[in-house]
Amino acid sequence: MAGVGDRLGPLILAEIGDIRRFHSGKALNAYAGNDPPPYQSGTFENYNRHISKRGNAALRKYCFEVMQALKLTRPQDDPVYLFLLKKEQEGNRIT
């Protein structure tokens with residue numbers, strides 16, 4: 001994956017540990033603390049929320065560094081970079 005090199009790759013793998021303990025990508029995202037916490041009251045549901053920051057701070061930092069590297073190198077054929085561009089066009093601020 002673009003943005004993950006010789007330094008960040010081993011750090012991310014060390015923070016994740018055994019990947020088999022996560023049943024989905026959403027579970028891994030929650031472990032990193034990048035997921036927004038639910039907010040609802042009665043029939044009201046808010047979808048414009050910030051990340052929870054309850055997970056692994058080091059893993060969250062490494063993911064941020066990967067996104068920064070992707071934004072600097074701009075690999076046009078990388079699916080993660082294309083997803084990042086799509087989310088920014090929707091109005092979501094990634095970094």
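Just so you know, these numbers use all the heavy atoms, side chains as well, and skip hydrogens, waters and symmetry mates. Residues take their numbers from the sequence shown, with the count starting at 1.
- Remark: the backbone N or O of Gly33 is not paired with any side-chain donor or acceptor of Arg54 at under 3.5 angstrom.
- The salt bridge (charged side-chain N to carboxylate O under 4.0 Å, His left out) contacts involving residues 7-16 comprise Arg7-Glu65, where partners must be two or more places apart or lie in separate chains.
- Residue pairs meeting the ring-ring contact (aromatic ring centres under 6.0 Å, His included) criterion with at least one partner in residues 69-89, sequence neighbours excluded, are absent.
- With values rounded to the nearest 0.5 angstrom, Glu90 atom CD is found 11.5 Å from Leu85 atom CG.
- Considering only residues two or more places apart in sequence or on other chains, Ile19 meets the side-chain contact (heavy atoms from CB on, under 4.5 Å) condition with Ile16, Phe22, Leu28.
- Not counting sequence neighbours, the partners of Asp18 by the side chain to side chain donor-acceptor pair (under 3.5 Å) test are Arg20.
- Atom CG in Leu84 sits 11.0 Å away from atom CZ in Arg74 (nearest 0.5 Å).
- Rounding to the nearest 0.5 Å gives a distance of 8.0 Å between SG of Cys63 and CG of Asn29.
- The two residues Pro10 and Gly5 come nearest to each other via the heavy atoms CD-O, 4.1 Å.
- Listed by chain and number, the residues in a salt bridge (Lys or Arg N to Asp or Glu O under 4.0 Å) with Asp77 amount to none (sequence neighbours excluded).
- Of the inter-residue distances, the one linking Leu59 atom CG with Tyr31 atom OH reads 7.0 Å to the nearest 0.5 angstrom.
- Atom OH of Tyr62 sits about 9.0 Å away from atom CD1 of Ile12, to the nearest 0.5 Å.
- Pro75 approaches Leu70 most closely through the heavy-atom pair CD-O, 3.6 Å.
- Residues meeting the side chain to side chain donor-acceptor pair (under 3.5 Å) test with Gln89, sequence neighbours left out: none.
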